Amino acid sequence: AQRVTQPEKLLSVFKGAPVELKCNYSYSGSPELFWYVQYSRQRLQLLLRHISRESIKGFTADLNKGETSFHLKKPFAQEEDSAMYYCALLTGNQFYFGTGTSLTVIP
Amino acid sequence: NAGVMQNPRHLVRRRGQEARLRCSPMKGHSHVYWYRQLPEEGLKFMVYLQKENIIDESGMPKERFSAEFPKEGPSILRIQQVVRGDSAAYFCASQTGRVDTEAFFGQGTRLTVV
């Protein structure tokens, strides 16, 4: 069963516009959720995790247990935000990744 | 700590040959994941291993693909009799195995089958 769903494969926004990358998860326990980012031709790297409740590069993500969502948001997109974004769920010791959303920020 | 090391970075194989991809996890990490990323596609889970054990191979094709993580040495993803459709980037990630810890990724191996 799909544990992590990222409904948008591609997302384009203009520079300076708000951006929201959607992530929904399926897990009955207490989830650990992460966002990873992959810039062009680089390795995936951790962007943020929900338990740290911090903002990285202007991005934030709030865990909504009622909606089982962990959407990634940024109020003003920058060109350097163009990348592939993956939402990930850690259950016990196993990571489940979504299929990713490719974000393009148009100058 | 050099991070997760994958080699080779690029691998070219002719159809029918074997491809062996190596992943050395970070020091102290006993859990390894393999993912495949097809061109213009997202990350697809293949297999999850702990030292000497395959925990979940539900994402791995039943034929031609195998993975191991021996007690000593790197994790190996092996693809026998490669076909053009196997061309992709293969990423390895490692984790300590302790609860709440993130996974760290290697830079990937880009396999091209000609």
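Treat the numbers as computed from the prediction; the structure is a model and nothing was measured. Lettering follows sequence order; numbering is per chain, from 1. Reckoned from all heavy atoms, side chains included, excluding hydrogens, waters and symmetry mates.
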Is it the case that over 12 heavy atoms from other parts of the model lie below 6.0 angstrom from the CD atom of Glu63(B)? no
Count I, L, V, M, F, W, Y as connected when their side-chain heavy atoms are under 4.5 Å apart, and connections chain through other members. Are Val37(A) and Ile56(A) then in the same cluster? yes
What is the distance from atom CD of Gln45(A) to atom CD of Glu102(B), rounded to the nearest 0.5 Å? 10.5 Å
Less than 4.5 Å to any heavy atom of chain A: does that hold for the side chain of Gln6(B), its backbone, both, or neither? neither
Does the side-chain contact (heavy atoms from CB on, under 4.5 Å) test come out yes or no for Phe95(A) and His31(B), once each step is laid out? CA-CA 11 Å; Phe95(A) 270 92; His31(B) 293 223; over 6 Å; no
Looking only at non-hydrogen atoms, find the nearest pair between Val4(B) and Arg43(A) and report the distance. O-NH1, 3.5 Å
What do you reckon, is NZ of Lys73(A) surrounded by more than 12 foreign heavy atoms closer than 6.0 Å? no
With a 6.0 Å cut-off (strictly less than), is the heavy-atom count around CD of Gln81(B), excluding the residue itself, greater than 12? no
In this structure, would Tyr90(B) and Val32(B) fall into the same cluster of hydrophobic residues linked by side-chain contacts under 4.5 Å? yes
What about Tyr85(A) and Ile106(A), same hydrophobic cluster or not, with Ile/Leu/Val/Met/Phe/Trp/Tyr joined at side-chain heavy-atom distances under 4.5 Å? no
Step by step, work out the side-chain contact (heavy atoms from CB on, under 4.5 Å) result for Phe45(B) and Arg3(A). CA-CA 12 Å; Phe45(B) 168 77; Arg3(A) 301 286 188 120; over 6 Å; no
Does Leu90(A) reach the side chain of Gln95(B), with side-chain heavy atoms less than 4.5 Å apart? yes
Quick one: which residues of residues 104-114 of chain B reach chain A at under 4.5 angstrom, heavy atoms only? Phe105(B), Gly106(B), Gln107(B), Arg110(B)
How far does CZ of Phe97(A) sit from CD of Gln37(B), to the nearest 0.5 angstrom? 11.5 Å
Side chain from CB out, backbone as N, CA, C, O: work out which of these in Gln38(A) comes under 4.5 Å of a heavy atom of chain B, or both, or neither. side chain
So with a 6.0 Å cut-off around CZ of Phe76(A), is the heavy-atom count from everything else above 12? no
Any chain of hydrophobic side-chain contacts (each under 4.5 Å) joining Val12(B) to Val83(B)? no
Is there a path of hydrophobic side-chain contacts, each under 4.5 Å between heavy atoms of I, L, V, M, F, W or Y residues, that connects Leu11(B) with Phe91(B)? no
